[in-house]
Every structure is written in C-alpha cells, then in structure tokens.
Amino acid sequence: MTSATPSPLAGPTPATSPRPARAGGRQWAALAALTLAVTLLAVDGTVLALAMPALTADLGATANQVLWIGDAYSFALAGLLISMGTLADRIGRKRLLLIGVASFGAASLLAAFAPTAGWLIAARILLGVAGATLMPSTLSIVRNVFTDPGQRTRAIAVWSAGASGGAALGPLVGGALLEHYWWGSVFVINLPIMLLVLVTVALLVPESRNPAPGRFDLLSAVLSVAAIVPLVWSVKHTAKAGVDPVGLLTAALAVGAAVVFVRRQRNLRAPLMDITLFTRPAFTGTVLASMIAIFAFSGLLFFFSQYLQLVRGYSPLQAGLRELPATLASIVVAVVAVRVIVRLGVGHTLAAALLVAAAGLGVLAMAEGATGYTGMAVGLILIGLGIGIAFTASTDAILSSVPRERAGAASAISEMSYELGVALGIALLGTLHAVLYRAGLPDLSGLTVATREAVTESLAAGTQALAGTDRHGTQILTAARDAFAHGMQVTSVIAAVLLVVAALVAWKIVPSDRRPGR
C-alpha cells in the first residue's frame, strides 16, 4: 500500500504524512446507506418530469408554475448548500444528516397531498431545504470514512453513480408509479426509503466534525442565499420575459450580495467558504466544467420525458423504461471510473467524458427527428456514461483539494455546482424550448380563444384541450408535436455545444496527474 498522493488541485503534501487506513466491510456498508440517500435525492429532482402532464391537468398549473415546480427544489437546495456544508463540519455530519432525512420525509408527505400548484411549489422548496442538509453531509462523510486515495475514488464513483443514476432513474420510478397511482405517489415513495436510510445511517455511519470549526457566521449564510437564489431567479425571469427592470434589479442585488460575501470571507478567521480555492485555475475549471455538464444533462432530461409521452405517445411507464439506458450507463461508471481516471488523469478524463456526453446529445438530437428508438438509446447511453464519469472525476478532485476537517465545506461547493447546473438547465434550456415551441406553432386563428391559449401555453395543455376535436384540431395537434420535437432538437444541439466548451476548459486548465489517488 502506498502513501496518499496529493490532488492536482491541492498544495503539496508533506513526505511524513501518515499512511491512510483502508476501509473495511462496515465502511462500505455505510457507503451503501449514504448512496441510497443521495440516490433518492437525485430521483426526487427528476421524478416529476413524467408527472407534469398529470399535474397540469389535476392542479391546473400554468407553464410558469410547471417550471417552478421543477426547479424550486434545486433553487432552495443550491441556495443553502454552502451554509449547510459548513454547519455539518461544526455540529456533526451524521447529526445533520439524520435531521435532514427526517425533514425530507415530512416535506414529501406535504408535497404528495398538495391541493394546488402553489402548495406544491412551497412543498418543493421545503424539500430543497431538507435536501441541502443531506447532500454535503453524505459526501463529506465519504471523504472522512475513506482516507485511502484509491478507495476514496472508488467510493466517490459509487456515490456519483447514485447521484447521476438516480437522476436518470427518476423518470422510470415515476413512470412505474404513475401507471397505477396518482401523481402524489412519486412523493409517498420517499417515506419508506427515508426510514430505511434513517435506520442504517444511525447504525453504520460514524460521527465526524471539524475539531476546531470556529464561529458560524450567520450573516455570511444569509449573504450566500441572497447571492445565489436571486441570481438564478433573474436568469430564469429574463429568459422568459426578456430584459426588464425587475430582472436587472434582481441580478444587481444578487451580484452585490456576492461581492459583500466574498469580501467578508476574506476577512473572517473561520470563513463560511474558502474563497482562496477559487484562485487556483484548476479548481475553478473543475467546478465550472461540472456545472456545465449537469446543466446540459438536467435541462434535457426534464423535457425529454415530456417528449416521450406527448410526442411519441408512450405511457409514463413506457417512457420511463425508454430512459433506462442512461441509468444503466451511470451505474457502469462505478466500475470504470477509477481505471479511466488513473489512466488519463483528472483533466483529460473530464474532457473526454464531456465530449462523449456531447456526442450523445448530438445522436439524440438526430433521433428526436426520426422514427424508431435505437438512436435515442445510443444517445442516452453515451450521455449517461459521459456525465457520470465527469461528475465522479470533478467531485473527487474537489474533495481531495481540502483537508478532512473541511470536507463539509468542499462538498457544499461541489454540490452547489451540481444543483445550480440543475436549476439553470431547467430554467434556461426549458425556457428556450418553450420559445422555440411557440415559434414553431401553426396558425391558431381557427381555434377558440381558450383552446388557442392552451396550445400556446404548453403541449401538455394543448393536448388536453384538443382531445376529441375535429380533423382541424387533430392537424393542429400534429403540428404542435412537430414544433415540440424541433425545439428538443435545437436545445439538444445547444447543450452539446456547451459540453464541448466545458471539455476544452477541462483539457486546458485542469491538471492530469496520472498517479493512483491523484
């Protein structure tokens, strides 16, 4: 067994560093419990994709409310990750994880029986708050339990497979439930799983915390939320309504809060976030590449599920099954990620994985305009494999760049990039797709005002309004489906281009140390 080698993102490690202990059966069992928790969180982020048509009909949700139902969870989660990651270092990662698990179960119950779209959005926000306590806690515990670099990379690969695989598994879970139950079942399923996580974490996971955490700065926590959430909201608002005073003012407030936050972190003895990490181009490049990858993946996945149902005519379960190749590819990542990273190094692995995912999006764009399923399956496999390896490499590099006692804060940075990517992907790519869909609609002047508004609102609402109409209505519906599919093709190509840009960033900026453990 060799001693730990430094991360390419970290500073030099003294030659006298103690040999890391290798994990045993109890540690790997604990990893299973942690992976189950993060898998459920990832499933919850995408499980609603298939339920959107049913939600639109049952709750009367508008297109704007549908977008908020999809991304309110990620907005709340991303806004609180920095605070919760640092809080985990202070009060104990296991303790915060247990609190988060119980809270997530309670919020799931509220979401399951939401009587209105507004209620569901509020419940999704509560789920995001609870999720913010879970995500950095699970990853920082992995960093502390697995001290051997090689084992840590393998453990992070398993954890990442749970995260990326769970995101792809969400539509399948949702499809299976919606085939037999109402849309609230996608939240009820969280309760028994969270109970299992609660018990296994309590029994198997050791407690860990920063022995000298310093004072928790509440003002910094407020500033971090004020910097992230309004910025994401302003981007979403501007993409939908265009440039206006409200969007500009909100963005200015977010930037101002970010500037004050950064200045405050530089002056604090125990900062909420180690800003100096971002002075390293390799660290910043890794975070940026990871965020762009998740941006492309989540934005596409959210509307791809609706495409399968509304354009291809699949049932929720059939649609979920057809997204399974991405899930299986994400699971394969746990087997191959360590070998790929050791052979290519972190930077080159990131770049290659992002190019594979970009190729998958290109294949998917062509398949969306053709008949048959084979092309879509190939595209989904490439996307799942590429995104999974990229997420594993970037997460491992970020965690390896800080000492164990700061694992919660580093985990929060990694998770923040993930959740910001999810939220921005749904908001920007989703809004772009909506614009393209409306631009591609035919002349609707022959329809009633209510039907015309429904078709313009969304394909889901239009399908419901045009059901059982005459031949003219059927022709309109066919044209609307073509417009939806064309919008998917364009957004897929744009997402692929973004992944190529991220690959170039990773290749040029992130080092590629090929030593085991990096």
Side-chain angles (χ1 to χ4, degrees), residues 6-13 77-89 132 135-136 139-140 143 210 214 217 219-232 235 251 254-295 346-347 350-351 354 390-391 393-421 423-424 501-513 518:
S7 162
L9 307 186
T13 301
L77 203 161
L80 291 172
L81 276 172
I82 295 175
S83 301
M84 293 302 179
T86 306
L87 186 63
D89 287 337
M135 296 292 276
L139 191 52
S140 58
R143 170 69 175 89
N210 188 343
D217 187 55
L219 180 57
S220 293
V222 173
L223 287 171
S224 68
V225 176
I228 295 172
V229 176
L231 179 61
V232 176
V235 171
V255 172
V259 171
V260 176
F261 175 79
V262 170
R263 289 180 176 176
R264 186 169 182 82
Q265 302 318 294
R266 289 175 174 172
N267 296 326
L268 288 176
R269 180 171 297 179
L272 201 67
M273 175 188 287
D274 186 0
I275 299 298
T276 60
L277 286 173
F278 289 94
T279 61
R280 305 172 186 173
F283 184 89
T284 304
T286 302
V287 172
L288 182 61
S290 174
M291 186 172 70
I292 294 175
I294 298 302
F295 171 92
V346 175
L350 262 177
L354 292 170
F391 190 42
S394 61
T395 302
D396 189 23
I398 291 171
L399 281 186
S400 301
S401 66
V402 299
R404 293 172 58 189
E405 60 269 15
R406 294 283 293 166
S411 301
I413 294 174
S414 176
E415 291 307 316
M416 185 182 68
S417 69
Y418 179 95
E419 293 303 327
L420 279 176
L424 290 173
V501 172
L504 293 176
V505 170
W507 186 274
K508 292 290 186 181
I509 296 179
V510 181
S512 291
D513 190 340
R518 291 158 327 288

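Residues L354 and A503 approach most closely at CD1-N, 3.6 Å, considering heavy atoms. Contact record, T284 with F278: OG1-O, 2.9 Å, taken as the closest heavy-atom pair. A221 and S83 make their closest contact through CB-OG, 3.2 Å (heavy atoms, listed as atom of the first residue, atom of the second, distance). Heavy-atom minimum distance, A132 versus M84: O-CB, 3.1 Å.
Rounded to the nearest 0.5 Å, atoms CD1 (I275) and CG (N267) are 11.5 Å apart. Distance check: I509 CD1 to L288 CG gives 8.0 Å after rounding to the nearest 0.5 Å. Distance check: Q265 CD to S224 OG gives 8.5 Å after rounding to the nearest 0.5 Å. The structure places CZ of R264 at 7.0 Å from CG of L223, a figure rounded to the nearest 0.5 Å.
Shown here are the side-chain contact (heavy atoms from CB on, under 4.5 Å) partners of A226, two or more places apart in sequence or in another chain: A257.
The side-chain heavy atoms of L350 and V505, taken from C-beta on, include no pair separated by under 4.5 Å. Using a 4.5 Å cut-off on side-chain heavy atoms (C-beta onward), R263 and V260 make no contact. No side-chain heavy atom of V287 sits less than 4.5 Å from a side-chain heavy atom of S394. The side-chain heavy atoms of T395 and S290, taken from C-beta on, include no pair separated by under 4.5 Å.
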